[in-house]
There are 2 protein chains.
Amino acid sequence: MFFETVAGPFAAAACPLLSSNLVPPKKHGPYTTESVDDYLKAILELGGPQEEQVAGNSLAHHLGIRAASVTGMLQKLAAQKPPLVKYEKHRGVRLTPAGKMRALEVLRHHRLLERFLHDFLDYSWDEVHDEAERLEHFISEKLEDRIAAKLGDPETDPHGHPIPERSGALPARQEVLLPRWACGIPAVVSSVSDHDPSLLREMTRLGLKPGVAITVEAGTRNASLLVRIGDRADRVRLSQSLASGISVLPR
Amino acid sequence: MFFETVAGPFAAAACPLLSSNLVPPKKHGPYTTESVDDYLKAILELGGPQEEQVAGNSLAHHLGIRAASVTGMLQKLAAQKPPLVKYEKHRGVRLTPAGKMRALEVLRHHRLLERFLHDFLDYSWDEVHDEAERLEHFISEKLEDRIAAKLGDPETDPHGHPIPERSGALPARQEVLLPRWACGIPAVVSSVSDHDPSLLREMTRLGLKPGVAITVEAGTRNASLLVRIGDRADRVRLSQSLASGISVLPR
DNA sequence: TAGTTAAATTAGGAATGCCTAAATTCTGGG
DNA sequence: CCCAGAATTTAGGCATTCCTAATTTAACTA
């Protein structure tokens, strides 16, 4: 399973590590909350389900900054009380339980906001990411709870990604990227990548979204896939980039 | 009227001064949007309807920082292109049209958010201020518009304060603070101060809110007021602090 | 094992917003 | 007019996050 270990010792009510407590109060200039959050989120994401060590270089690339800056920041994050990351020189970095808790909380904010913007404020699914990315750092626990209540505690964001629970629990899923799915075996779209709005619009056009049945009929003619979508009679050829933005589960 | 001059040359669609454009893109550290916004908001508020020059000292007091820091920041704001304030050494500071536009935009964000949190997310009116204060700096024009649409373009926040239009127009009102209202003349509550949650809760208990009819029956026994609220038979004695948190209009 | 290359770290510097302490400037009363 | 006091400004510092350039460490190849 995925993040189940965090659920126990960091259960919601008992956990003093939410939001603002983790980040030292801004003194003068900024110890920008965004910054810390973004590092932790990146480590969570790049570490993958196995929570492998993440290299400074890939963090730098992912965050759009220089490796030297990453080194400096990781040293600070590791020196926090409690430490947010475990950092071994030249070897990489992992989240500590405290850091993982914070990263999951921000991820919960992000996905709740996406669902909220989509369901209540008429955002299309290709518009939600940027707005949520900005706001996720600043909403209070109270607002988080009210939004979740208003939505009826949704389990996924509009792209199909699971929303962590308040406790930090995140349901495990055995998703597979579409290009790695075998031909002929029935599948259902479980989630789609949300980083490229134009890709999302293309998916909308094709009727591709979480929950839609799908079957790969033939693979890899110049890396594209011939796919049957839903109950359509016709087949569609998906480009490499489109196909690899789609994750599926067995139907 | 109040801010009518800004409506013309800075009409919504034509105005290139919205949100992010005004604040230089963060280079490394932050040129914190919050900070700039807070200065502009403070100048707007302290300048009053006449937009008088604001003294550095009162800004410092209002923002909870030292006067020396204010001087430094005002010099930077005046040096922006376009300048956000007109700053005369030792004399005080005023908003330029660009600065006023930005201040009004942030004020619009704040009041729209308050209304939204109150009407859609079950916030009580003593809870909305802090959350809105944090989020007002980060919502996009798009979200601002969606929220306004969802609310049906409301004219006031939950405390009765008018919400600036997108164009920057802010309706003028001839509000008077309750302690300055004459005895016996019928009045209606137009707005209440939103900065002290405990005061707001006290008003809730008394049934005091915008739109409620009110009559001052006797004044100033140790600075308190004897007041008849709505259609009540009985009278209530309002403390100085409570009464001066209430603004009224003729009924 | 030695040499080359890639990754990571350190050193030093910029920009920011705030601070304190020491000038400086304005204002009002003799 | 001059001086005391208040308001303001300047000078110098701190903490933050980022940068570039130079160095060190690790990894891989022959």
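Naming: A, B, ... by sequence-line order, numbering from 1 per chain. Scope of the values below: all heavy atoms of this structure, side chains included, with no hydrogens, waters or symmetry mates. Just so you know, these numbers come straight off a predicted model, no measurement behind them.
Residue H129(A) forms a ring pair (Phe, Tyr, Trp, His ring centres under 6.0 Å) with just one option from H118(A), H110(A), H161(A), and that option is H110(A).
In this structure, L63(A) atom CG and dC19(D) atom P are separated by 10 Å, rounded to whole Å. As rounded to whole Å, 10 Å separates atom P of dC18(C) from atom CD of E34(B). Distance, Q53(A) CD to dA8(C) P: 11 Å, rounded to whole Å. Whole-Å rounding puts the I65(B) CD1 to dT8(D) P distance at 13 Å. As rounded to whole Å, 12 Å separates atom P of dA8(C) from atom CZ of R91(A). The nearest whole Å value for the distance from the NZ atom in K76(B) to the P atom in dT10(D) is 13 Å. When rounded to the nearest whole Å, the span between CD of E88(A) and C1' of dA26(D) equals 14 Å. A straight line from CG of L74(A) to P of dC18(D) spans 11 Å, rounded to a whole angstrom.
Phosphate contact (OP1/OP2 of dC18(D), side-chain N/O of Y39(A), threshold under 4.0 Å): present. At least one side-chain nitrogen or oxygen of S35(A) sits closer than 4.0 Å to the OP1 or OP2 atom of dC18(D). Taking 4.0 angstrom as the limit, R66(B) places a side-chain polar atom (N or O) nearer than this to OP1 or OP2 of dT20(C).
Not counting sequence neighbours, the partners of F116(A) by the ring-ring contact (aromatic ring centres under 6.0 Å, His included) test are F120(A). The side-chain hydrogen bond (donor to acceptor under 3.5 Å, both in side chains) check on R94(B) picks up nothing, with sequence neighbours excluded. Looking at residues two or more places apart in sequence or on another chain, you find a side-chain hydrogen bond (donor to acceptor under 3.5 Å, both in side chains) between Y123(A) and E131(A). Considering only residues two or more places apart in sequence or on other chains, E165(B) meets the side-chain hydrogen bond (donor to acceptor under 3.5 Å, both in side chains) condition with none of them. Take D196(B) and apply the side-chain hydrogen bond (donor to acceptor under 3.5 Å, both in side chains) test, not counting sequence neighbours, and it matches S198(B). Here F138(B) pairs with F138(A) under the ring-ring contact (aromatic ring centres under 6.0 Å, His included) rule; sequence neighbours left out.
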Kindly give the atom pairs (protein nitrogen or oxygen, nucleotide nitrogen or oxygen) under 3.5 Å for nucleotides 5-7 of chain C.
none

Distances under 3.5 Å between nitrogen or oxygen atoms of protein and nucleotides 10-12 of chain C:
{"residue": "dT10(C)", "atom": "OP1", "partner": "K89(A)", "partner atom": "NZ", "Å": "2.5"}
{"residue": "dT10(C)", "atom": "OP2", "partner": "Q75(A)", "partner atom": "NE2", "Å": "2.7"}

Sequence neighbours left out, cut at 3.5 Å: what donor-acceptor pairs do the side chains of residues 53-73 of chain B make with other protein atoms?
{"residue": "Q53(B)", "atom": "NE2", "partner": "E88(B)", "partner atom": "OE1", "Å": "2.6"}
{"residue": "S58(B)", "atom": "OG", "partner": "A55(B)", "partner atom": "O", "Å": "2.9"}
{"residue": "T71(B)", "atom": "OG1", "partner": "A67(B)", "partner atom": "O", "Å": "3.3"}

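Around CZ of R91(B), the count of heavy atoms belonging to other residues, nucleotides or ligands within 6.0 Å does not exceed 12.
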